Amino acid sequence: MPKSRVRKKKVYSSSGTSTSSTSGESYEPSPMWVPITAVALIVIGIGWLTLFYLSGMNYPVGAWGYWNLAVGFSCMVAALLVLSKWR
């Protein structure tokens, strides 16, 4: 049976020019407010939910009832959206 050809691997070159340009994206670091805001939203969301459960569903806003869950989880989802902008 004939032997198959061995393919040569491409040699990596660390030159400054790139063959696959990504439409001019900049890779600047994110502003400092991005991670701070995300962590703050996570802490607020967890704190809201914890206070809601530990208070017997009377606080932070007793009239909202189970909508307090929506507020707490919305804060955490907003934090995920903010973190998606972090580089």
Side-chain angles (χ1 to χ4, degrees):
M1 179 174 283
K3 189 174 181 181
S4 63
R5 277 192 330 194
V6 178
R7 295 181 187 173
K8 292 184 179 180
K9 293 182 180 180
K10 293 181 181 180
V11 178
Y12 174 75
S13 64
S14 63
S15 63
T17 60
S18 175
T19 58
S20 62
S21 178
T22 56
S23 69
E25 291 183 28
S26 65
Y27 291 105
E28 297 176 8
S30 297
M32 195 62 189
W33 66 267
V34 173
I36 292 172
T37 304
V39 169
L41 283 169
I42 291 171
V43 169
I44 290 169
I46 291 173
W48 192 285
L49 293 173
T50 304
L51 181 62
F52 177 65
Y53 277 117
L54 291 180
S55 69
M57 302 179 195
N58 290 326
Y59 294 107
V61 182
W64 289 359
Y66 285 104
W67 282 102
N68 284 301
L69 296 174
V71 172
F73 284 115
S74 295
C75 286
M76 291 189 283
V77 168
L80 289 174
L81 293 174
V82 170
L83 283 175
S84 70
K85 304 296 181 190
W86 191 19
R87 289 181 246 159

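Quick caveat, the model's predicted, so the values are computed rather than measured.
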Count I, L, V, M, F, W, Y as connected when their side-chain heavy atoms are under 4.5 Å apart, and connections chain through other members. Are M32 and V39 then in the same cluster? no

To the nearest 0.5 Å, tell me how far T37 OG1 sits from L81 CG. 13.0 Å

With sequence neighbours left out, the residues meeting side-chain contact (heavy atoms from CB on, under 4.5 Å) with P31 are W33, V34

Contacts of I46 meeting side-chain contact (heavy atoms from CB on, under 4.5 Å) (sequence neighbours excluded), chain-then-number -> I42, T50, M76

Using 0.5 Å steps for rounding, measure from the CG atom of L49 to the CD1 atom of I44. 12.0 Å

Return the minimal non-hydrogen interatomic distance between C75 and G45, and the atom names on each side. CB-CA, 3.8 Å

Please round to the nearest 0.5 Å and tell me the distance separating atom CG of N68 and atom OH of Y53. 10.0 Å

Is there a path of hydrophobic side-chain contacts, each under 4.5 Å between heavy atoms, that joins W86 and L41? yes

Tell me the closest heavy-atom pair linking W48 and G72, and the distance in Å. CD1-N, 4.1 Å

